[in-house]
Novice: 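Following this message is one structure expressed as structure tokens.
Side-chain atoms are counted along with the backbone in the values below, which use heavy atoms only and exclude waters and symmetry mates.
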Amino acid sequence: MGADGVATYLWQQMRGARAPVAAMGGALAARMGLTLASPWLVGRFLDGVERHEPLSRVEPWAVLLLAAALLTPAAAYVAGSLASAVEWAVANRLRERLATAALALPVHRHRSMTPGALVERVDGDVAALGALLSNLGLQVLGSAGQALAALGGLWLVNSSLGLMLAGLVTLTAWVLERFRRATVPLAEAERQANADAYGLLGELLAARDDLDAGGAAPYAERRLAHAAGRWQPHYVRAELSAYAAWAFLLGALGLADGLVYLVSGHLYFGAHLALGTVYAAVAYVGLLAAPLSSLREQIAELQRGQGSLLRVMAWDQRPTAQPVGRCGLPAGPLALAVSRVSRRQGGARGVSDVSFTLAPGQHLAVVGPSGAGKSTLATLLAALAEPDAGTIHLGGIALREVDPVELRRRVAYLPQTPALFAATLLDNVTLFDPTIPPTRVADALATVGLEAWTSRLTLPLDPSMLSGGEQELVALARIWLSDPGLVILDEPLSRLDRAHRAQAAAAWRRLLTGRTAVIITHRLTMLVDGWSGDPGEGPTGLVDEVLVLDEGQVVEHGALGPLAAMVQEPASRFGQLLAAERAADGMRP
């Protein structure tokens with residue numbers, strides 16, 4: 001993307017903070033004017049002293065110089081405060097948009113990116129961009145304006161000196177711009193390597209228990225060392241490019257300083273310039289080098305900010321894949337029709353040419369061996385991923401045409417590992433919806449057997465202190481608060497022990513009554529012998545049909561009603577899977 005596109009994007013972001021931007025511009029202009037006035041005032045003072053003028057004519061220049069010296073830091077402080085306000089206002093709006101874009105990513109994209117990489121994309125790049133915005137106001141624009149004004153002042157002092165320095169500054173600016181274009185890709189690569197390293201670190205920290213238990217700490221150290229090894233050359237190249245730019249500027253400004261001393265000294269001794277004018281000329285050249293003490297860090301920060309800016313723009317300006325649906329869904333249980341749906345997961349087969357229908361209020365169990373495509377099918381039915389081919393109709397309406405808000409309200413999806421947040425129990429159950437009264441939340445908790453938790457609604461919830469079964473029950477309470485027409489369960493009750501499984505199963509029965517349901521499970525004994533796994537309990541009657549997947553394809557689909565025939569039929573894939581499961585569990589065939 002060209003410089004025009006980058007400048008346009010930055011201006012669009014800053015338009016929302018017009019008032020502080022305008023105030024910041026005024027403060028910068030005031031600081032610049034006061035800074036440029038000081039050399040001129042000193043020059044007038046020195047000229048008066050050299051001409052032996054009376055104190056009454058020299059003293060006002062000293063008073064004005066003192067006032068400028070006092071007002072300059074005040075203007076700089078105001079400009080810095082306003083620049084910080086602009087930075088936070090723009091950066092926070094960008095964080096909100098990028099977080100929304102991250103949450104809208106399909107499931108397979110989330111699985112291909114570590115949480116650390118996502119955080120670095122949403123927050124790390126925006127923080128670097130915020131520094132760019134701040135420096136853009138205080139350093140780049142301020143320094144550019146100060147340089148132009150200094151050249152103007154030098155031109156007024158002596159047109160020959162002004163013309164000479166203007167040519168040198170123009171050449172320097174042209175070289176630096178060419179240098180910037182060449183080094184921005186280096187900064188962008190460094191930011192990407194940084195994100196990869198921190199993403200890996202977050203992944204390894206999340207798996208620290210498994211790594212310790214398996215004695216895989218050396219593996220983690222090797223991966224971190226490899227990531228650091230990949231990051232280091234990018235970092236070194238970016239830093240060296242900043243040092244090279246700084247060295248070039250240092251040389252250019254040293255040349256300008258020497259030329260002004262040489263020419264102005266020659267003119268002074270030739271009686272063509274007064275002493276005060278010589279001082280003003282030298283001081284104006286010095287103003288070009290004022291930010292030199294921190295320029296190396298600023299250049300490196302600007303380059304990192306530009307690399308982050310390109311990454312932010314790539315996400316923020318990503319076109320919408322398809323128009324948002326506007327259709328509503330009919331009330332009550334929803335009919336489900338899947339027609340020749342296929343979806344590949346990361347280049348491997350997910351599901352292929354899957355078709356089935358489910359009448360309103362009917363319950364379907366999807367079973368099959370590990371890797372058969374059951375969870376892929378669940379994400380497709382929940383509209384968390386788009387099929388590569390085929391269509392899914394819900395309530396007679398194509399899934400992509402349903403309004404997203406209506407879809408999330410009417411379709412409840414319970415993944416294998418429900419997400420809980422470091423927030424109150426009330427916020428975890430309501431998903432931060434303040435319109436849901438606590439009494440309804442208490443009823444939902446009581447329904448799933450967590451009535452003892454009602455007194456803890458407003459207390460912080462630490463997800464790490466909950467068992468897998470308790471997390472699943474909290475997620476079940478969430479579903480109770482809505483009125484879904486379709487419930488999709490991915491391995492329900494898989495993390496509950498037998499003592500709590502029957503209790504939760506009763507809640508599931510009440511929830512699924514009068515609703516369409518798709519239950520993904522690999523525990524076939526749960527369908528045949530009951531939720532608790534006790535052969536004496538008998539069939540639960542919860543499921544009406546069974547669909548068997550293998551290698552992403554439907555290999556068997558039928559009603560579970562004639563249970564004995566399906567289980568005992570030698571050619572039945574369901575019966576074969578059930579027999580293998582019972583044999584593995586040490587149960588009677």
Novice: What pair of heavy atoms forms the shortest contact from F356 to L547, and how long is it?
Specialist: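 Smallest interatomic distance, heavy atoms only, reads CD2-CD1, 3.5 Å.
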
Novice: Check the pair R478, L431 against side-chain contact (heavy atoms from CB on, under 4.5 Å), reporting the backbone distance first and the verdict last.
Specialist: CA-CA 8 Å; R478 287 177 184 166; L431 288 179; 3.7 Å; yes

Novice: Any salt bridge linking R573 with D550? Criterion: basic side-chain nitrogen under 4.0 Å from a carboxylate oxygen.
Specialist: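 D550 and R573: salt-bridged.
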
Novice: Test side-chain contact (heavy atoms from CB on, under 4.5 Å) on W453 and V474; report intermediate values, then the result.
Specialist: CA-CA 10 Å; W453 291 29; V474 172; 3.8 Å; yes

Novice: Does this structure show an ion pair linking R400 with E386, if we count only N-O contacts that are shorter than 4.0 Å?
Specialist: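 Yes, this pair counts.
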
Novice: When you check the side-chain N and O atoms of E190 and W231, is any donor under 3.5 Å from an acceptor?
Specialist: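 On atom types as modelled, these side chains qualify, holding a pair under 3.5 Å.
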
Novice: Any non-hydrogen side-chain atom of I392 less than 4.5 Å from a side-chain atom of L381?
Specialist: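 Yes, their side chains come closer than 4.5 Å.
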
Novice: Would you please name every residue forming a salt bridge (charged side-chain N to carboxylate O under 4.0 Å, His left out) with R410, sequence neighbours left out?
Specialist: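 In terms of salt bridge (charged side-chain N to carboxylate O under 4.0 Å, His left out), with neighbours along the sequence ignored, R410 is linked to no residue.
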
Novice: Could you state the interatomic distance from NE2 (H393) to OG1 (T357), rounded to the nearest 0.5 Å?
Specialist: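 Reported to 0.5 Å precision, the distance equals 13.0 Å.
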
Novice: Between D353 and V341, does a side-chain contact (heavy atoms from CB on, under 4.5 Å) hold up when you go through it step by step?
Specialist: CA-CA 5 Å; D353 201 28; V341 165; over 6 Å; no

Novice: Could you measure the distance from the CG atom of D196 to the NE2 atom of H234? Nearest 0.5 Å is fine.
Specialist: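 Rounded to the nearest 0.5 Å, the CG-NE2 separation comes out at 8.5 Å.
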
Novice: With a 4.5 Å limit on heavy-atom distance, are the side chains of Y413 and I479 in contact?
Specialist: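 With C-beta onward as the side chain, the pair stays apart.
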
Novice: Is the number of heavy atoms from other residues, nucleotides or ligands within 6.0 Å of CZ (F432) greater than 12?
Specialist: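 Yes, because the 6.0 Å sphere around CZ of F432 holds more than 12 heavy atoms from other groups.
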
Novice: Is there a side-chain contact between N428 and L426 in this structure, where contact means two heavy atoms from C-beta onward sitting under 4.5 Å apart?
Specialist: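 The answer is no, as the side chains (C-beta and beyond) never meet within the 4.5 Å cut-off.
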
Novice: If you take all heavy atoms of G361 and D544, which pair is closest and at what distance?
Specialist: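 Heavy-atom minimum between the residues: O-OD2, 4.4 Å.
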
Novice: Going by distance alone, is a donor N or O of one side chain under 3.5 Å from an acceptor N or O of the other, for S375 and D490?
Specialist: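 Yes - a donor-acceptor pair under 3.5 Å links their side chains.
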
Novice: Residues in salt bridge (charged side-chain N to carboxylate O under 4.0 Å, His left out) with R223, at least two apart?
Specialist: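 By the salt bridge (charged side-chain N to carboxylate O under 4.0 Å, His left out) rule, R223 matches no residue at all.
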
Novice: Using every non-hydrogen atom in the two residues, find where P333 and T516 come nearest and quote the distance to one decimal.
Specialist: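 For P333 versus T516, the nearest heavy atoms are CB-OG1, 3.6 Å.
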
Novice: Side chains of E545 and H363: donor-acceptor distance under 3.5 Å anywhere?
Specialist: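 There is no such pair between these side chains.
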
Novice: Contact between L425 and T458 at the side-chain level, heavy atoms closer than 4.5 Å - yes or no?
Specialist: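 They are not in side-chain contact.
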
Novice: Do L394 and V411 come within less than 4.5 Å of each other through their side chains, counting heavy atoms only?
Specialist: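 SC-SC contact between L394 and V411 confirmed.
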
Novice: Counting distance only, does the side-chain N/O of T379 pair as donor-acceptor with the main-chain N or O of A385 below 3.5 Å?
Specialist: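 No: the side chain of T379 does not pair with the backbone of A385.
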
Novice: Closest heavy-atom contact between A383 and L407?
Specialist: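 The answer is CB-CD2, 3.4 Å.
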
Novice: I'd like to check V354 versus S342 (side-chain heavy atoms, cut-off strictly below 4.5 Å). Are they in contact?
Specialist: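 V354 vs S342: side chains apart.
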
Novice: Please round to the nearest 0.5 Å and tell me the distance separating atom NZ of K374 and atom CD1 of I519.
Specialist: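 Going from the NZ atom of K374 to the CD1 atom of I519 covers 14.0 Å.
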
Novice: Rounded to the nearest 0.5 Å, what separation is found between the CZ atom of R408 and the CG atom of D403?
Specialist: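 Here the interatomic distance stands at 11.0 Å.
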
Novice: Would you say H557 and V546 make side-chain contact, with heavy atoms under 4.5 Å?
Specialist: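 No, their side chains stay 4.5 Å or more apart.
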
Novice: If you apply the rule side-chain contact (heavy atoms from CB on, under 4.5 Å), what do you find for F421 with D427, and how did you get there?
Specialist: CA-CA 8 Å; F421 305 94; D427 287 337; over 6 Å; no

Novice: Could you tell me if the side chain of L481 sits less than 4.5 Å from the side chain of V429, heavy atoms only?
Specialist: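 Yes. Closest side-chain heavy atoms under 4.5 Å.
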
Novice: Search all heavy atoms of A477 against all heavy atoms of A444 and return the closest pair with its distance.
Specialist: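 It is O-CB, 3.7 Å.
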
Novice: Hey, does the side chain of R515 reach the backbone of P484 with a donor-acceptor pair shorter than 3.5 angstrom?
Specialist: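 Side chain of R515 to backbone of P484, a donor-acceptor pair under 3.5 Å: yes, one is there.
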
Novice: Rounded to the nearest 0.5 Å, what's the gap from OG on S352 to CG on L549? Could you check?
Specialist: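 Between atom OG of S352 and atom CG of L549 there are 10.5 Å.
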
Novice: Nearest 0.5 angstrom please: L414 CG to L476 CG, how far?
Specialist: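 With rounding to 0.5 Å, CG (L414) is 7.5 Å from CG (L476).
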
Novice: Which atom pair, heavy atoms only, marks the closest approach of I488 to A378?
Specialist: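 Result for this residue pair: CG2-CB, 4.1 Å.
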
